Undergrad: 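Mind having a look at this structure? Questions to follow.
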Amino acid sequence: MNIALVGLSHKTAPVEIREKLSIPEERIENAIAQLCKYSHIEEAAILSTCNRLEIYVVVNQIDRAAQQVTEFLCEYSKLPFADLQQYLFTLLQQDAVKHLMQVASGLDSLVLGEGQILAQVKHTFQLVQQYNQGERILNQLFKQAVTTAKRVRTQTSIGTGAVSVSSAAVELAQIKVEKLSACRVTIVGAGNMARRLVQHLISKGATQISIVNRSVERAEELANQFSDAGVQYYPLAELMSLVATADLVFTSTASVEPLLDKAKLKAALQPEQPLMLVDISVPRNVDADVNELPHVRVFNVDDLKTVVAQNQESRRQMAIEAQALIQEDLEAFQTWLRSRETVSIISCLRDKLEKIREQELEKALSRMGSDFAKKHQEAVEALTLRIINKILHEPMVQLRTQRDVEAQRLVLQVLQELFNLDTPEVQSSFVAQTSSLSISTVEIAAKNINVAQVNREHYKVAQMRLESIEVHAKVEEVIAQSVT
Ligand code: NAP
């Protein structure tokens, strides 16, 4: 079995595209079921956050499965393949595993080291457990990624004093407005992000904060947590009147439709009334047409990149330390995956020998006829079993304890060939996992270059590998010609 990841993130796609591919929680189960209907996909998990949509799949044929995930994404987003492909990246085998560990640790976040992503990966892990029964590969992968991220957060300083999307949004507003303490601030939403916005705004000196939310009870609950700061709360019906009297509005809801657009704002605001909107939601809560209003300034999550650049620099060293931990855990996961496949080949071999033993025993017993007593039959059966077990014992111990990955791979390959074992997908994935950049990644770079863009760094390496494969093929061709 192989692991593949097809997705897009804040590094490869702007918010206008990311919002089209955002999969809300209530649609995840259905999306997983749809993905698993594809012929080459065995397991699927979806990590959908404001900064990324990543689909992890366990597949029996890697290049076809990557195409199938891309097909699913085109269908879901209603974007033609030609428009979508430039934003997608594909990672395979250990590249995909390592990526998830980095994501969970906050190393791939817009704000390096932020902690909210770990909660989102944990949530995806819960969904994986819910929708993929039994001891499945993605289950173990997400479990390992969560463990690794916790290790990274406790054994490095990556999370200490880290900023988050909400603190970066407040910082951006602080840079853009003259005096935060004099601003009338409205926050739309009363969820996690809204709570963090209130915290950061208060710590930066904001004094006039109103919360407006769909469920007024939740808005009240949030406002009560900050009663000392005089935070007010309102139902969503008051949205436009609050916006009309605000200087600064933050939007942070999970609504899939814009809550504010040009027409609504034009109707609510006085001509030339200035307003600043900071929208940290994905899908966006503020329609793009608001940019056409000359006195309204709109910022979205992608605009936070400038604010976080400085933070990234100071965190680079910590990120290097984190990468070393990730490498250790990546190897541990690879060992688990290999042992799983070693067991599969061993059980295949055992089944084959057992079948031979049973057939031969049956033939022998039928030749001996009914005179052959039952207790003798049992003794012969036990004898044949012991012979099989003794023959298998030593090679199995050797296989299980073999630390040299390459040697183990060769032994398994030889076993498969010598005994003609019917486990082709196990072998191919095993080969792929053991190389530092799987050959499948190289192949997919060649075959799917029009299907999905392989992560640029990997693609460069893949291209080099391809070139060397092509050179090798050319040499073979020249030799063949000169021989004939
Ligand atoms: P959350 O805790 O689940 O809260 C969701 C909020 O959205 C609630 O206030 C909810 O109102 C409101 N809401 C949901 N559907 C709505 C609708 N149709 N109309 C109006 N309000 C609606 O979510 P969150 O983590 O705060 O995330 C909010 C937004 O920020 C999302 O777009 C997310 O992508 C983005 N974001 C999240 C993170 C993160 O790390 N979590 C980081 C950056 C950006 P009720 O109380 O009435 O249900």
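Both counts, for ligands and for their atoms, begin at 1 and track the order of listing. Everything numeric here is computed off the predicted structure, so don't read it as measured data.
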Undergrad: Tell me: protein heavy atom nearest atom 12 (C) of ligand 1, and distance?
TA: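 Protein heavy atom at minimum distance: Thr253 CB, 3.7 Å.
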Undergrad: Considering only the protein, which heavy-atom contact is closest to atom 44 (C) of ligand 1, and what is its distance?
TA: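 For atom 44 (C) of ligand 1, the nearest protein heavy atom comes out as Ile280 O, 3.1 Å.
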Undergrad: Can you report which non-hydrogen protein atom sits closest to atom 4 (O) of ligand 1, along with the distance?
TA: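 Of the protein heavy atoms, Gly191 CA, 3.4 Å lies nearest.
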Undergrad: Can you tell which of Val188, Thr49, Asn213 gets a heavy atom nearest to atom 9 (O) of ligand 1?
TA: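 It is Asn213 whose heavy atom sits nearest to atom 9 (O) of ligand 1.
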Undergrad: Side chain, backbone, both or neither: which applies to Val165 and ligand 1 if a contact is any heavy-atom pair less than 4.0 Å apart?
TA: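 Just the side chain.
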Undergrad: Can you tell me which residue and heavy atom of the protein come closest to atom 8 (C) of ligand 1, and the distance to 0.1 Å?
TA: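 It is Arg218 NH1, 3.4 Å.
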Undergrad: Return a yes/no value: protein heavy atom under 4.0 Å from atom 23 (O) of ligand 1?
TA: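 Answer no: nothing from the protein, no heavy atom, is under 4.0 Å.
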Undergrad: Nearest heavy atom to atom 17 (C) of ligand 1: which of Arg284, Arg196, Arg214 does it belong to?
TA: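 The residue whose heavy atom sits nearest atom 17 (C) of ligand 1 is Arg214.
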Undergrad: Tell me whether Gln120 reaches ligand 1 (any heavy atom closer than 4.0 angstrom to a ligand atom).
TA: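 Contact present.
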Undergrad: Is there any N or O on Val282 that sits under 3.5 Å from an N or O of ligand 1?
TA: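 Between Val282 and ligand 1 (N or O atoms, distance only) the closest approach is under 3.5 Å.
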Undergrad: Out of Met193, Arg195, Glu19, who gets a non-hydrogen atom closest to atom 38 (C) of ligand 1?
TA: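 Nearest option to atom 38 (C) of ligand 1, by heavy atoms: Met193.
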Undergrad: Quick one: ring-ring contact (aromatic ring centres under 6.0 Å, His included) pairs with a partner in residues 17-64, sequence neighbours left out?
TA: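 Passing the test, one end in residues 17-64: Tyr56-Phe142.
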Undergrad: Keeping to residues at least two apart or across chains, list the side-chain hydrogen bond (donor to acceptor under 3.5 Å, both in side chains) pairs with something in residues 292-301.
TA: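 As it turns out, the side-chain hydrogen bond (donor to acceptor under 3.5 Å, both in side chains) pairs with a partner in residues 292-301, which skip direct neighbours, are Lys262-Glu292.
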Undergrad: Can you find an N or O of Val256 that's nearer than 3.5 Å to an N or O of ligand 1?
TA: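 No, there is no polar N/O contact under 3.5 Å.
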Undergrad: Check this for me - ligand 1, Leu236, N or O atoms closer than 3.5 angstrom, yes or no?
TA: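 N/O-N/O distance under 3.5 Å: no.
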Undergrad: Tell me: protein heavy atom nearest atom 25 (O) of ligand 1, and distance?
TA: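 Going atom by atom, the protein heavy atom closest to atom 25 (O) of ligand 1 ends up being Asn192 CB, 3.8 Å.
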Undergrad: If the threshold is 4.0 Å, N to carboxylate O, is there a salt bridge linking Arg284 and Asp279?
TA: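 Salt bridge: no.
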